[in-house]
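Remarks on the structure that follows.
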Amino acid sequence: MKSFLSRIFGGSSQEPLGEERGPERGEPVIYEGLVIHGVPEKDGGRWRLAGVIIKESAEGDLERHFLRADTFTSREEAESFAIRKGQQIIDERGMRLFADGEKTGRA
């Protein structure tokens, strides 16, 4: 819960994705008890739809990253669609996303 509150109230929106510092994460959106961040990736002059779904727990956060082929002209538009895609993934797969218990993975 602490990490969730720090992200909402002043925590950095830039967090590492693996070993290296990844793209900047957008504002968190809570959906069905999970946190979704849009994390669009620059692809030439466009932005590729990407995001992360986070399940927070006392044992540590579990993350599932997703990347789609869709591209957009603005980062804001890509972030908005990433949130919707994250919600769709949650609706379709629910907590099965985290069934393997791995700290990080792909959705």
Side-chain angles (χ1 to χ4, degrees):
M1 183 62 109
K2 180 182 174 193
S3 63
F4 168 73
L5 293 174
S6 68
R7 276 182 268 197
I8 296 287
F9 300 106
S12 173
S13 64
Q14 289 190 338
E15 297 177 9
L17 292 174
E19 296 288 320
E20 300 175 9
R21 190 168 229 20
E24 182 179 333
R25 290 185 176 181
E27 291 299 315
V29 172
I30 301 169
Y31 183 75
E32 299 293 328
L34 302 171
V35 179
I36 306 169
H37 288 272
V39 191
E41 296 182 2
K42 190 76 167 160
D43 186 8
R46 297 182 63 84
W47 291 90
R48 184 163 309 284
L49 188 151
V52 62
I53 300 169
I54 302 168
K55 176 183 177 188
E56 297 179 327
S57 72
E59 296 82 36
D61 296 350
L62 303 178
E63 297 186 352
R64 297 298 175 264
H65 302 268
F66 58 92
L67 175 67
R68 300 297 184 262
D70 308 278
T71 60
F72 302 89
T73 56
S74 73
R75 178 184 168 83
E76 293 76 21
E77 187 178 24
E79 266 186 55
S80 174
F81 275 87
I83 296 301
R84 285 189 238 161
K85 179 50 96 173
Q87 291 170 335
Q88 180 183 13
I89 291 168
I90 292 167
D91 288 342
E92 292 173 356
R93 299 184 58 199
M95 289 302 170
R96 291 186 315 247
L97 277 168
F98 305 99
D100 63 6
E102 293 294 320
K103 197 96 169 134
T104 187
R106 293 282 171 196

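We find the CD1-CD distance between Ile30 and Glu56 to be 8.0 Å, quoted to the nearest 0.5 Å. For the atom pair CG (Leu34) and CD1 (Ile89), the distance works out to 11.5 Å, reported to the nearest 0.5 Å. Taking CZ of Arg84 as the reference point, atom CG of Asp91 lies at 13.5 Å (rounded to 0.5 Å). One distance of note links CZ of Arg96 with CZ of Arg64; it measures 13.5 Å at 0.5 Å rounding. Rounded to the nearest 0.5 angstrom, Arg106 CZ and Glu63 CD are separated by 11.0 Å.
Hydrophobic clustering places Ile36 together with Met95 (ILVMFWY residues linked when any side-chain heavy atoms are closer than 4.5 Å, directly or through intermediates). Val52 is not connected to Phe98 by any chain of hydrophobic side-chain contacts under 4.5 Å among Ile, Leu, Val, Met, Phe, Trp and Tyr, and they are in different clusters. Cluster annotation: Leu62 is connected to Tyr31 through the hydrophobic network of ILVMFWY side chains, with a link wherever side-chain heavy atoms come within less than 4.5 Å. Hydrophobic cluster membership differs between Leu49 and Leu67, with clusters built from Ile, Leu, Val, Met, Phe, Trp and Tyr side chains linked at under 4.5 angstrom. Ile83 is not connected to Ile54 by any chain of hydrophobic side-chain contacts under 4.5 Å among Ile, Leu, Val, Met, Phe, Trp and Tyr, and they are in different clusters.
Closest non-hydrogen pair, Leu97 versus Ala107, comes out as CD2-CB, 3.8 Å. Of all heavy-atom pairs spanning Pro40 and Gly38, the tightest one is CD-C, 3.4 Å. Across all non-hydrogen atoms, the minimal contact from Gly60 to Lys103 is CA-NZ, 3.5 Å. Of all heavy-atom pairs spanning Arg68 and Lys85, the tightest one is NE-CE, 3.9 Å. Contact detail for Ala82 and Ala50: the closest heavy-atom pair is CB-O, 3.3 Å.
Considering only heavy atoms from C-beta on, His37 stays 4.5 Å or farther from Glu24 through its side chain. With a 4.5 Å cut-off on side-chain heavy atoms, Trp47 and Lys42 count as touching.
The closest donor-acceptor contact from the side chain of Arg48 to the backbone of Ala69 lies under 3.5 Å.
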